[in-house]
Structure formats: structure tokens, C-alpha cells
Amino acid sequence: MSHQTVIVLDFGGQYNQLIARRVRECQVYCEVKPYTTPLDQLKAMDPIGIIFTGGPNSVYLDSSPKVDPEIFTWGVPILGICYGCQLMAHLLGGQVTEAQDNSAREYGKTVTYYDTACRLFKGLPARGISWMSHGDYMARVPEGFALTAHSDACPNVAIADEARGFYGVQFHPEVNHTENGVAMIRNFLYEVCGAKGDWTMGDYCRTAIAAIREKVGQGKVLLALSGGVDSSVCAALLAEAVGRQLTCVFVDHGLMRKNEGDEVQAAFDRWDINFIRVDAEERFLGKLAGVDDPERKRKIIGEEFIRVFEEEARKIGKVDFLAQGTIYPDVIESGAGDAAVIKSHHNVGGLPDFVDFKEIIEPLRLLFKDEVRQLGRELGLPEYLVMRQPFPGPGLAIRILGAITKEKADLLREADFIFRDEIARAGEDRSLSQYFAVLTNTRSVGVMGDGRTYDYTLALRAVTTSDFMTADWARIPYEVLDRISVRIVNEVQGINRIVYDITSKPPATIEWE
Ligand code: XMP
């Protein structure tokens, strides 16, 4: 590969992939490597720079992760972050100790003062907020290093040996809470390492395709396509890489939004792959008939999904690889421990148990959502698919309160379509994280023309959120709400009242079931 490479040496910190992502944002190729990687392998990568990540340990303990100090003799610039900074100080003859009093132990947003003569902080404001998370303290900095940042509590927040290109920061420049953090990483890459910015999503795409081809060889790949952003981008990437060796199974459970099934299918027309669309509406609605308990709905759909997929997989026979559109936040969240089950999420992720395959491949595993979207664009997926808001696996089933019927699903589909259409027309779509209609199980009296109506109440839900763990109800302008209300009641027969959900999460959840 011809592009410049930066190594992110992983010491077990929680933000390591975020560091890698920041480096990619700066158009520089990087790879995250465990700290145990043999030195000659790292050297063979011919890096222009190395970043030591944070980590949960204390460098002065014998058991904590270390790196062979020979790495400092290569003439390659190094940026140490948090633990990485302390490790650099420790290995180069400084002294790191446990902070003796609370003042030197820092967590959270901290006002920090920077020496802008230092290349790391070049061109940036001399004062800003940084995100700290360290209990240890550099009592003595190594020879040759200068102090280049401090906080009110701590004199040595950053150190630098400009001659050798070694920099250390106690805070986390990779997180959003650190003002100008990305600019600092950019300075390290461009001012110190001499980066040229020769890495783009196009390169990422080509490299990923080559890697998939190499791994898959002549093998067969199976993917359960849900139509969501992640599985669609995963499908497009695989389609580009292995063409007809790929089979996508798209189970249309009849609880998709208006036009959604056709849109998903159309997006894959351009690739010569095996695309199986299973029209399973009747089957799903049959199983769901009369069921009004939200958890039972979810279970039924999850199980039925697996049944359908299993039947299709059996027809295909043995496959070598099962592909999944897992992205990096899924990897983190699935390790989140034993939090209470609020809703049993149904995703297509739980499939491997029954399909006869050799190995799982997850080509998006190291990407963040917006990078996945960018990759989707690079692969030529249409904007409406790439920018699609999250849509739950059980689909409209959990947006129809009470028992589900085809008539109710059709009502909701129409109303939801109008809602989304008006939001897009008003240009509100970019500022909302998720917005949809819910068909309540309540009917109320209305008057239309000269006649009495007794029809359903439709709820509109729109939220803003960064992580979907908490969410705020969106302040959609009244005029827009008014247009939506008028249109739905006029155009969708069977709905005569519209309400707007003004509850945040918590205490409510985003979906109603
Ligand atoms: P809640 O309702 O829990 O939703 O606040 C948080 C986010 O998760 C989505 N969601 C699901 N996604 N399968 C999914 O793939 C599910 O079963 C499911 N249930 C909720 C919801 O749309 C929101 O984005």
C-alpha cells in the first residue's frame, strides 16, 4: 500500500477506536495494533507516527502493559494520550506516581492552558476545556521534555520533546468534550509527522474490498439484509467485492414503511448478486393476529424472522461465510454488561446459531455510523438509504398499539409517509434523529363535513438524540405540525385526531412499545 500509515498502539483504553477514527477524519490511514505486537512487525509497517492510547492501568506497576523502549529510537514521532503519556514519561526516565491528593487527580471537563509555541497546539487558543480522566500524576518529567500545558490543579498536563517529536497529553483529545482536540491530533499528524493527507473513504473502500476478496476466496457469503443503513452498506460492500458469491436474503415482514421494500430492492439492482426477497407479510400477520402484548409481538417477529431466514438458508445449502453489518458502537454496547432489559431488541444479529456456515465476517466492525454512511455513498447507494433514520427490526408492529391488522398497518403506513414527507419539505429532517407516527388503539369522536366520525387517534413522535439512550422530544414548529395534521386527517380515512408526543426519554422510550 502506498499511503502513509500511523499506528495506534492499544493499551486497553476505552476510546481507542475513536482515536483511529479521528486520524481517519484527518485523511491519514491508521491501524490499531495491540501493545503486544512484536516490534519488528510494527517497524515493518513503516509508520510516519505512533499514538499510544490510554488504558486503565498504572504504569508503575510491573503488571501493567508496556512497550519495548527501543521504539523511541526509531526516529518516529510519538503522541502519548493519558496512560500513553504516562508510559512515555515512565519509560524515558520520568516519574509517575499515584496522585496524592485529589487536586492532582482529574476527571471530566477541565480548564486547560496551552503553550501555543508547541507544535501540538500551534494555531489554537491558549485556553480551552479538555477532558481528563486520570488518577496518576507525572511527578517528574523525563529529560529533554518541556511542560506545554497546565490546568489550575496540575502543572504538567502536557509534555513535549520537540526535537524528537515526542508529545504526551494527560487529557483525551479524541473525545468531543476536549475543545480543539481533533485540531491537536491534526497538528500531530501534519505539523509533526509530515502527513500528506493521502487517505480517503475511497481508499478505505478499496482496501476493504481487497481484504474481503482475499478472505472469501471462492467461498459463498450469506447476508440477512434488513434494509437499515448498516446491513445495506455491508451488502453493497460485499456485492462490490464478491458479486454472485453473495446471497442477500431480505425478509419483508409486511411491517415496513411505505415503499421501503421496493426501495431496498431497487438499490441493489445495479449489482449482479443473488438477491432473495421473501414476501412474508401474510405469514407474519398470521402469527401476530390478536396479539397485543408488546414483548410477545417482538418475540414472535424475532422467531418468525429466524424461521424464514432459516428456510431460505437451507435452500441455498452450505455457505462459507455469514456476513453481518455490525458497526463499532454495537461492539461496545454488546459488552455493556447486565443492564435491565427494557425492551428485547430484535435485530438480525442473533442468527448464527442455526445457519450452516464456517465463519462470520463483519466488514464494518471498526466504523462509526457516519463513516458507514460515507462508505455507503462511496459505494453508490442512494441518499435515502444512506441517510435513513433508525428503524426497529419489528417495524411497524411496535408502532401499532394493540392487536395488529393489515388495515391498521396500511393506515399507519400512509400517515407515517405524510409525516415524513412534510418533515422533509420543511427541511426539518436533518435536525431530527428519529421521527415516525404511532397508531394508538384509541378511537374518538370527530366531525367531518356534516357527519360524525369515530376513528383512530394518531400520535406523532419526533426526537433529537446523539446516542438513542436518552432523547429529547423535538420542538417542531407549530406550522409544520399543523400542515401534517391537516394532511393526514384529510388524506387518511380512518384517522380523525392527531396528537404530538411531548415526552423525553427517560421517562418515556422513543418507541411506544
Ligand atoms: P427505545 O424505544 O428503546 O428505542 O427508546 C431506542 C432506539 O432503538 C430502536 N429500537 C429497535 N431497534 N430492534 C432494533 O433494531 C428493536 O427491536 C428495536 N426497538 C427499538 C428505536 O427505534 C430507537 O432508535
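Remember, it's 1-based here, ligands and their atoms both numbered in the order they're listed. Since the model is a prediction, treat every value here as computed from it, not as a measurement.
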### Query
Are any of the N or O atoms of Arg399 closer than 3.5 Å to those of ligand 1?
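Between Arg399 and ligand 1, no N or O pair is found under 3.5 Å apart.
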### Message
Please report whether ligand 1 has a polar contact with Ile510, defined as an N or O pair separated by less than 3.5 Å (distance criterion only).
### Response
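Yes.
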### Sole residue of Phe11, Phe171, Phe52 in ring pair (Phe, Tyr, Trp, His ring centres under 6.0 Å) with Tyr83
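The single option meeting the ring pair (Phe, Tyr, Trp, His ring centres under 6.0 Å) with Tyr83 is Phe11.
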How long is the span from the [atom1] atom in [X] to the [atom2] atom in [Y], to the nearest 0.5 Å?
| X | Y | atom1 | atom2 | answer |
| --- | --- | --- | --- | --- |
| Arg298 | Ile300 | CZ | CD1 | 12.5 Å |
| Ile51 | Asp10 | CD1 | CG | 12.0 Å |
| Gln434 | Phe468 | CD | CZ | 5.5 Å |

### Task
Heavy-atom distances under 4.0 Å are what count here, so tell me which part of Pro394 touches ligand 1: side chain, backbone, both or neither.
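Side chain only; the backbone of Pro394 stays clear of ligand 1.
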### Query
Just going by heavy-atom distances, which of Ala508, Pro392, Ser226 is nearest to atom 18 (C) of ligand 1?
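Considering heavy atoms of Ala508, Pro392, Ser226, the nearest to atom 18 (C) of ligand 1 sits in Pro392.
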### Message
Please compare Lys297, Arg298, Met469 and report which has the shortest non-hydrogen distance to atom 17 (O) of ligand 1.
### Response
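Nearest option to atom 17 (O) of ligand 1, by heavy atoms: Arg298.
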Go through ligand 1 atom by atom and flag the ones less than 4.0 Å from a non-hydrogen atom of [X].
| X | result |
| --- | --- |
| Phe468 | 6 (C), 24 (O) |
| Gly393 | 13 (N), 14 (C), 15 (O), 16 (C) |
| Thr509 | 1 (P), 2 (O), 5 (O) |
| Lys505 | 1 (P), 3 (O), 5 (O), 6 (C) |

### Task
Check whether NZ of the Lys or CZ of the Arg Arg443 lies under 6.0 Å from the centre of the six-membered ring of Tyr456 and within 45 degrees of that ring's axis.
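Arg443 over Tyr456 ring: yes.
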### Query
Does any donor atom in the side chain of Ser231 or Ser226 lie under 3.5 Å from an acceptor atom in the other side chain?
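A pair is found: one side chain offers a donor N or O, the other an acceptor, under 3.5 Å apart.
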### Message
Could you check, using the six-membered ring where one of them is a Trp, whether Trp131 and His172 have ring centers closer than 6.0 angstrom?
### Response
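Trp131 vs His172: aromatic centres not under 6.0 Å.
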